[in-house]
Amino acid sequence: MLVAQNITKKFSGVTALDNVCLELYAGKVNAILGENGAGKSTLMKILSGVYPDYEGKVLLNGKQVNFSNPREAQHAGIAIIHQELNLVSHLSITENVFLGREIVNSWGMLNKQAMHNKTRELLNRLKLSVGADTLVVDLKVGQQQVVEIAKALLTDCDVIIMDEPTSAISESEVDVLFEIIEDLRRENKAIVYISHKLDELFKIADRYIVLRDGCTIESGDMKGMTHDALIHKMVGRELNVIQKGDNRSADAPLLSVQHINLQHPENSKRLLLKDLSFNLFKGEVLGIFGLMGAGRTELLETIFGLNHQSANGELQVEQKAVNFKSPAEAMKAGITLVPEDRKKHGLILGLDVKTNIGLTTLETMQSFGWLNEAKEERLAKKYIEVLKIKTPSTTQTVKNLSGGNQQKVVLAKCLATGPKVLMLDEPTRGIDINAKNEIYKLIRELAADGLGVIVVSSELPEILAISDRILVMAEGNLTAEFTAAEATEDKILKAAIPNSI
Amino acid sequence: RNQSANNQSKKIAVIVSTLNNPWFVFLAQTAAAKAHSLGYETRIFDSQNNTALETDHFENAIASGYKAILLNPTDANGSVVNVNRAKAAGIPVFCMDREVNSANAATSQILSDSYSGSVDVGKYFVQAMHKKGKYAELLGLVSDNNTWNRSKGFHSVVDYYPGLKMVAQQGAEFDENKAMEVMESILQAHPDIEAVFCGNDAMALGAYQALISAGKAGKVKVFGFDGAADVVQSIKDGKIAATGMQFPQVMAQTAAIYADEYFKGKRDFPRKIPVSVELVTQKNVTNYIAFGKKN
Amino acid sequence: MSSNKYRAYLIKFQPLIALIVLCVVLSILSDKFLTADNGWNVMRQISVNICIAVGMTLVVLTSGIDLSVGSVLALCGAITAGLLKNGIEIPSNNLFIGFTVLGAIVMGLLVGSIIGAANGYTITRFKVPPFVATLAMLTIARGLTMLYTKGFPISVLGDNFAQIGTGWFIGIPVPVWISVIVVLAAVAVTSKTPLGRYIYAIGGNENAARLSGININRVKIIVYSMAGALAAVGGMIVTSRLDSAQPNAGISYELDAIAAVVIGGTSLSGGRGSIWGTVLGAVIIGVLNNGLVLLNVSPFWQQVVKGLVILLAVIIDKANSKND
Amino acid sequence: MSSNKYRAYLIKFQPLIALIVLCVVLSILSDKFLTADNGWNVMRQISVNICIAVGMTLVVLTSGIDLSVGSVLALCGAITAGLLKNGIEIPSNNLFIGFTVLGAIVMGLLVGSIIGAANGYTITRFKVPPFVATLAMLTIARGLTMLYTKGFPISVLGDNFAQIGTGWFIGIPVPVWISVIVVLAAVAVTSKTPLGRYIYAIGGNENAARLSGININRVKIIVYSMAGALAAVGGMIVTSRLDSAQPNAGISYELDAIAAVVIGGTSLSGGRGSIWGTVLGAVIIGVLNNGLVLLNVSPFWQQVVKGLVILLAVIIDKANSKND
Ligand SMILES: Nc1ncnc2c1ncn2[C@@H]1O[C@H](COP(=O)(O)OP(=O)(O)OP(=O)(O)O)[C@@H](O)[C@H]1O
Ligand SMILES: Nc1ncnc2c1ncn2[C@@H]1O[C@H](COP(=O)(O)OP(=O)(O)OP(=O)(O)O)[C@@H](O)[C@H]1O
Ligand SMILES: [Mg+2]
Ligand SMILES: [Mg+2]
């Protein structure tokens, strides 16, 4: 029903799409696959009227359409969930969901009650248990993504595009989403589903379209497709999945966390972290699993010295007691964090790759206050090489990199500090299989080099794949600890579900 | 002869301290008009009360070939350098209204004596108040030394009379609206004042507006300075007690005429010509018009 | 109470603390402060700043700023006064158009909103930063005022017109009525209409707003012309109170307005704040000016004190607000 | 050429187009424009604004703003002049401290950077928006100037001091030398030192900068005190040119400085821009002021034209910049 013909889109520097064609069928879930930077989001932005200028045609139900802005696309019945969150943080959920399509009474005044109720319905349907009047700032990334989904579901559209809707939410929400997608399919809508989580695609998708480097490679029925076949089409070569060798050393802990508590920023009664204690050893990869809102981000942030007013407890790095008042101090002590939200906390989007990578280590690259730009350049080159960052040059503005490559830049920035302890919060969120594996391999290598690595993730397979030891959190408590050997999916999940439910 | 011809080639600059106040607008425009009527190309420069900007104007005027400068200085001391710069470039400067503190920098200074003018206002003030009573004073821009000349002249008289008590001294930036608001508040703090001395006429009018809205019009005597049209009228109507009439027209025209004579070869100009400030009260107001005498 | 209401509530009432402190101090220091008369004075005096600051709030909520309000106030005041006094004359085909008080006022407000719209247009159409676009307009409008008035005030505008600034209506000064109406209208717009939502949304996250299909440019142009019109309203009040339009009226009023907005807890980066906060901010400034004169603080010290108090007020805000 | 270099390049040189257009027009309209004398005049006249605007650029790059520069200029000028003329007297234990020209200047610059640091401190420590903190400082510093000078200029400061503003050195006016040095130093800092990187980073994304281990507060305080010191430098030049410190010097200079920054293509939301751009911006404004005089535009029209040209300059920038 929606057809794109020979779409070509160029950005200053890169060709994002190179006459791409695709057909979307009503009543089917059309999966779009491709590595980071393949052009998936760009294509979707064209279909939904974000980029009005491009070469090629878009046909909706046979008629050529040319949207000059998102509103027109909406009216034509195309809804989109963007890859990056687009919410107004200081408006409430309701206000965000109805933004631009408010319900008004005959006086042209807002009908707040009606909007509130409708939003509550949506949130219930999506099983998100927060008040419709909650400000978006107070939501975690995961919860915000659910709000984005609610926005797309508000008006009933014929085409619903979901660009990595599950990148930030955990299994349980994913199941809810899938139920909804089933309903939509039954209502004979055309659904576009972009994700790097292949097993999801096998669960939900009917058809697949593979993009590689801005070109359509192939499309067809999901039936009879195998994991490896898809990956092959995406990547264009075989993948060697990593196997881990246990290289943790038994000696004294590298990082030891004792009885950490953390108060809620707004009411000091409520504890976000309750008396957490654990050790991290040299050469070990420690996975921390939990459902959204379990407190994992807070835990990492607290260790990193971000909440020193509201937190208490002891920290030891190599037996030396430390008390970080700022990230700067934590980094000096050899601890570094790859934050959960790369756009908000990871990157200076307006600056180039080189500057972003160098930012953490400028002190080491200066002599008498002068910056050694050659060193800076070399550093950037090195990590672009090592992490295979896809960028035209070291001076490309980070804003223009695809999601996955942006994440790699953040990683590079942290590794540049030569840390003893590397903490990663959702390190592979929105990253394609290939890059994922590279990062897993990297994590293992780093561990092998004697780093202690903490990985927070909402993806069980990921946790299982790379961890030597797994901690499970629920509602700010440590609920379980497993060694890689004894860990299984259901054991972990059982521990992750809050007993309050 | 071909006088008008070689006049065409001569340009006269009128550099005025500010155009944010009608009095100076009048001064500048009269000077320019006179010079123009004498056949010179003229241009008005607005120094915006900023001596540094005045310096720029001097440099630009000299560079772009103005042959004489009719100056209303921003500051008696600060402007000296500027005048000297012009002198060095062989360009005569004729000061209007305000003086520059230098014996021989300016070719001639046609000055309105604010100080002695406000002394006269002070004398009349004392007499009108019968030597006793509370009063308030509204200063102009407290950062502007002409504000203080007037204030000092006034106090040099008034302060000799212990019966006269100044209960409030506030700045109102020579601005009518500000003056009104400040006056409103003063009237709250001191409902019993019997007079207010204002550093210029705009403030006098503002103060009077405040009196009206406080229902005190007529009960509090207002004294101004300058001789603006509205105030001359108000004095006729008995709304405002008195003002110090300056003669911008006389000063401006004299300056322009001197410039003309300078070009015609005259050199021996009087260094200073004081143009006295005349006290205008209800008695003699009929002899006056805005910024000048009837004739 | 939902966290949203809660925060709105905070933003609304933090400045109250600063205000109360100020008032207590003043009423201790001067017995004249807490009198009805003085109350009306202060309210009459702040009415102008309130009108301007309300418009400024709308602009700031969209993460913009309008530096031209002071000059616009002067220009519109002058035009209204000019039309009242001299009407429009076209000597060529000796045509003369006279104006009623109402007609002249309407024209003044019209000019205000047109200039505002012009600001909005340059900002949206040419992507000129609001600070620059309105800074340029500040100069331009002042120049036009000078040209229109030739640098001289336009005075004696008749008693009807004078009512606007000096009259009373059911025991309350007319300017106070005007500012109250302006405030209530603005509150309604910001909290009860889609336009209000859009204003907050644009300030909060312009990109998200665009993706939600909001016509950013339209909203901005509306907001700036509102600010222009409100500046014009201020111009009417000032002109009428003085019964004369001053060419140099409203100089640096933009700073007072912005101060009111910020003391009121509205964030200059846009998206968060409230009209009520701004009102409190304006009251604080007004009370302060009044108090300093009541206490006959020397003009030299006044500026220092004023600066410190404004700083303090904002710091108190911040201290009490949990956000940020 | 990589898109980023290309962009940096654009930001740096877009204003050049506006400037060239302006100069061509002027030199056609007036034969006086392209003379050496006039050239030096313009450069001497803009030297002050350049010093201030360079400091402003640093502040704006961190997404801040400094409205206090004008008053700081006046205060520091006054203090230097005062110390030169009267030194410090403590009558109580009849102590007198005299000052050499150098000593007095050092003191002036010191005061400037201390005030700047104070701005930085209130902004970082109390999270007061820069606009407000520096707006308050604008008033405070002006008040202090009044208190120090009692409202009277401090004049006749001696020939040595006069050199700063009026002297020549190898065929170039001293003020021009000063501004050139200031510019080169600032360019070095912004492009060749970690501090420079931090300034851009903080303006670009403060959160990310903090998580990268940058000490935000320290950097900001440094930047604001630089701005203060540079305003003081401007104060030295002005005072020395007039051989007198005016208590009302520098009023509304902040606007000219900001105009220069923005015309120069630096984004007020921080993170993007360059010192060179600002220099061009300042030159454009200076040439404009000079040109309007040469062309004998009436002062009232001048304001209108000036506003329009500034607008035009920025629009040309935008039109040529590929970003946004
Ligand atoms: N605004 C932009 N300006 C310049 N280049 C861009 C811009 N947006 C995207 N690109 C480039 O276009 C290509 C496709 O980007 P896109 O975001 O569509 O990839 P993607 O398939 O969505 O990757 P991911 O899976 O990481 O989201 C990338 O090389 C990216 O660098
Ligand atoms: N600033 C805040 N204001 C209110 N609640 C907060 C804030 N920060 C965290 N929380 C709450 O603290 C709990 C822990 O959040 P956190 O993001 O650490 O969980 P998480 O396990 O990292 O979830 P995610 O999978 O989204 O990373 C959640 O209930 C969250 O709502
Ligand atoms: Mg994408
Ligand atoms: Mg998290």
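Owing to the predicted nature of the structure, the values given are computational and were not obtained by experimental measurement. Numbered from 1 within each chain, the chains take letters A, B, ... in sequence-line order. The figures that follow rest on heavy atoms only: side chains count, while hydrogens, waters and symmetry mates do not.
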Going by atom types only, do [X] and [Y] share a side-chain donor-acceptor pair under 3.5 Å?
X	Y	value
B/Thr243	B/Asp201	yes
B/Gln170	C/Asn296	yes
C/Ser155	B/Asp230	yes
B/Ser213	C/Thr166	no

Determine whether a donor-acceptor pair (N or O, by modelled atom type, separation under 3.5 Å) exists between the side chain of [X] and the backbone of [Y].
X	Y	value
B/Gln282	B/Lys236	yes
C/Ser30	C/Leu26	no
C/Ser240	C/Phe161	yes

With only heavy atoms counted, which part of [X] is less than 4.5 Å from chain B, the side chain, the backbone, both or neither?
X	answer
C/Gln45	both
C/Leu295	neither
C/Thr149	neither
C/Val297	backbone
C/Arg142	neither
C/Thr35	side chain
C/Phe33	neither

Next on the checklist: Looking only at heavy atoms and a cut-off of under 4.5 Å, which of C/Leu242, C/Asn41, C/Asn38 has the most pairs with chain B?
Outcome noted: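 Option with the top pair count is C/Leu242.
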Checklist entry - Cation-pi between B/Arg150 and B/Phe154: NZ/CZ under 6.0 Å from ring centre and within 45° of the ring axis? => result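 No, B/Arg150 does not sit over the ring of B/Phe154.
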Measuring heavy-atom distances to chain C, does [X] have an atom under 4.5 Å in its side chain, in its backbone, in both, or in neither?
X	value
B/Phe24	neither
B/Asp175	side chain
B/Leu19	backbone

Next on the checklist: For the interface with chain C, which of B/Gln29, B/Gln209, B/Met180, B/Gln188 has the highest count of heavy-atom pairs at distances below 4.5 Å?
Outcome noted: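 Among B/Gln29, B/Gln209, B/Met180, B/Gln188, the one with the most close pairs to chain C is B/Gln188.
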